[in-house]
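In what follows, every heavy atom counts, from backbone to side chain, and hydrogens, waters and symmetry copies are set aside. Note that the coordinates shown come from a computational prediction; the quantities given were computed from them, not determined experimentally.
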Amino acid sequence: MAAICVFCASSRTLDQRFLDLATETGAELARRGHTLVSGGGCVGMMGALADGARHAGGRTLGVIPQSLVDLEVADLASDELLVTDSMASRKTLMIEKSDAFLTLPGGLGTLDELFEVWTTATLTLHRKPMVLVDADGFYRPLLDWLATLTDEHFLKPAGLGLVTVAPTVPAALDALESALT
């Protein structure tokens, strides 16, 4: 099947519902036969995501910069762990290794990764599908603001339409799988 990159939070202080969402996502990816590509961390949602995939029999590929390995937050249980020299090279390698992208709730790092793949898609540097999981309306304020970018002509409507928004993980994976066929 596909190598699906998941962007999500690595914070250690998240509400349990976000960790559960990440675990569910990893398990669902594995059940559907996909390889998980992640940021290679073992903490927060990123760690729960990888654990969920492995516990369901899935394959995991982590991509992490050496600086985070040095902080001892690397997912050493990953089936394959690629270490980069910087956060920028991490994103580049994650894009290269992935067939599609799924974004769960997260903070600045997650948004950075989402906007990197979204921007490069608007420039047609890749044509890989991207889905944003808007669990419980987490991303609704951001999506509303992004819509104003098209109203003000900072972003073409087609650019906004490159990301599919789904309310649940199963719906998000259905959308990705449909786009990959």
Query raised in the report: With no hydrogens and no angle check, do the side chains of Ser89 and Thr92 hold a donor and an acceptor under 3.5 Å apart?
Result: no
Query raised in the report: Heavy atoms, side chains only, cut-off 4.5 Å: are Leu82 and Ile64 in contact?
Result: no
Query - Euclidean distance, Asp134 CG relative to Thr103 OG1, rounded to 0.5 Å - result: 11.5 Å
**Report entry** Gap between atom CE of Met87 and atom OG of Ser67 - 0.5 Å precision
**Finding:** 7.0 Å
Report task. Could you walk me through whether Arg32 and Glu177 pass the salt bridge (charged side-chain N to carboxylate O under 4.0 Å, His left out) test, one step at a time? Result -> CA-CA 10 Å; Arg32 293 180 184 221; Glu177 290 170 343; 2.8 Å; yes
Query raised in the report: What distance do Phe7 atom CZ and Thr110 atom OG1 have between them, rounded to the nearest 0.5 Å?
Result: 9.0 Å
Query raised in the report: Hey, are the side chains of Val165 and Val131 touching, using non-hydrogen atoms and a 4.5 Å cut-off?
Result: no
Requested in this report: May I ask you to test the Ser98-Ile4 pair for a side-chain heavy-atom distance under 4.5 Å?
Outcome: no
Query - From Leu162 atom CG to Arg127 atom CZ, the distance as rounded to the nearest 0.5 Å - result: 9.5 Å
Query raised in the report: Do you see a donor-acceptor pair shorter than 3.5 Å between the side chains of Glu28 and His34?
Result: no
**Report entry** Validation row: Phe101, Ile95 side chains within 4.5 angstrom (heavy atoms)
**Finding:** yes
Query - Atom of Ala22, atom of Ala48 and distance for their closest heavy-atom approach - result: CB-CB, 4.0 Å
**Report entry** Linked, directly or transitively: Met130 and Leu180 (ILVMFWY side chains, under 4.5 Å)
**Finding:** no
Query raised in the report: Does Leu76 share a hydrophobic cluster with Leu71, counting links as ILVMFWY side-chain heavy atoms below 4.5 Å and allowing steps through other members?
Result: yes
Query raised in the report: Where the side chain of Thr168 meets the backbone of Ala171, is there a donor-acceptor pair that is under 3.5 Å apart?
Result: yes
Report summary line: On a heavy-atom basis, the closest approach of Phe138 and Pro141 is O-CD, 3.8 Å
Requested in this report: Taking the side chain as every heavy atom from C-beta outward, state whether Met45 and Ser10 have any atom pair closer than 4.5 Å.
Outcome: no
Report task. Answer whether the closest heavy-atom distance between the side chains of Thr60 and Arg54 falls below 4.5 Å. Result -> yes
Requested in this report: Could you give me the CA-CA distance, side-chain angles and deciding distance for Lys91 and Asp112, then say whether salt bridge (charged side-chain N to carboxylate O under 4.0 Å, His left out) is met?
Outcome: CA-CA 9 Å; Lys91 288 186 292 187; Asp112 176 52; 2.9 Å; yes
Query raised in the report: What is the minimum heavy-atom distance between Ala53 and Leu36, and which atoms define it?
Result: CB-CD2, 4.1 Å
Query raised in the report: Is atom CG of Leu108 surrounded by more than 12 heavy atoms (other residues, nucleotides or ligands) closer than 6.0 Å?
Result: no
Report task. Following the transitive rule for hydrophobic clusters with a side-chain heavy-atom cut-off under 4.5 Å over Ile, Leu, Val, Met, Phe, Trp and Tyr, establish whether Leu14 and Leu68 coincide in one cluster. Result -> no
Report task. Over all heavy atoms of both residues, which pair between Leu21 and Ala135 is shortest? Give the atoms and the distance, please. Result -> CD2-CB, 3.9 Å
**Report entry** N/O donor-acceptor pair under 3.5 Å between Ser38 side chain and Val6 backbone
**Finding:** no
Query - Passing option when Cys5 is tested against Val37, Val117, Asp99 for side-chain contact (heavy atoms from CB on, under 4.5 Å) - result: Val37
Requested in this report: Verify the cluster assignment for Val63 and Phe115: are they in a single hydrophobic cluster under the rule of side-chain heavy atoms below 4.5 Å apart?
Outcome: yes
**Report entry** Presence of salt bridge, Arg17 and Asp20, under 4.0 angstrom
**Finding:** no
Query raised in the report: Got a salt bridge between Arg90 and Asp85, using NZ or NE/NH1/NH2 to carboxylate O under 4.0 Å?
Result: no
**Report entry** Residues, nucleotides or ligands: over 12 heavy atoms within 6.0 Å of Glu72 CD
**Finding:** no
Query raised in the report: Which pair of non-hydrogen atoms, one from Gly159 and one from Thr122, has the smallest distance, and what is that distance?
Result: CA-CG2, 4.1 Å
Report task. Evaluate the side-chain contact (heavy atoms from CB on, under 4.5 Å) criterion for residues Leu49 and Cys8: first the C-alpha distance (whole Å), next the side-chain angles of each, then the deciding distance (0.1 Å), finally the verdict. Result -> CA-CA 9 Å; Leu49 173 73; Cys8 62; 4.1 Å; yes
Query raised in the report: Passes side-chain contact (heavy atoms from CB on, under 4.5 Å), Leu160 versus Trp118? Steps please.
Result: CA-CA 9 Å; Leu160 189 62; Trp118 200 344; 3.9 Å; yes
Query raised in the report: Does the side chain of Leu61 reach to within under 4.5 Å of the side chain of Arg59, using non-hydrogen atoms?
Result: yes
**Report entry** Closest contact, heavy atoms only, Asp79 versus Gly58
**Finding:** OD2-O, 3.7 Å
Query raised in the report: Do Gln66 and Thr84 have side-chain heavy atoms sitting under 4.5 Å apart?
Result: no
Query raised in the report: Hey, what do you get for OG1 (Thr119) to NE2 (His126), rounding to the nearest 0.5 Å?
Result: 9.0 Å
Requested in this report: Take Leu104 and Leu102, measure what side-chain contact (heavy atoms from CB on, under 4.5 Å) needs, and give me the verdict at the end.
Outcome: CA-CA 7 Å; Leu104 296 175; Leu102 180 108; 4.1 Å; yes
Report task. Consider only side-chain heavy atoms of I, L, V, M, F, W and Y, link residues closer than 4.5 Å, and tell whether Met46 and Leu93 are in one cluster. Result -> no
Report task. Start with the C-alpha distance between Leu143 and Leu132, add both sets of side-chain angles, then the distance that settles side-chain contact (heavy atoms from CB on, under 4.5 Å), and finish with yes or no. Result -> CA-CA 10 Å; Leu143 294 167; Leu132 183 68; 3.8 Å; yes
Query raised in the report: What distance do Asp136 atom CG and Phe18 atom CZ have between them, rounded to the nearest 0.5 Å?
Result: 7.5 Å
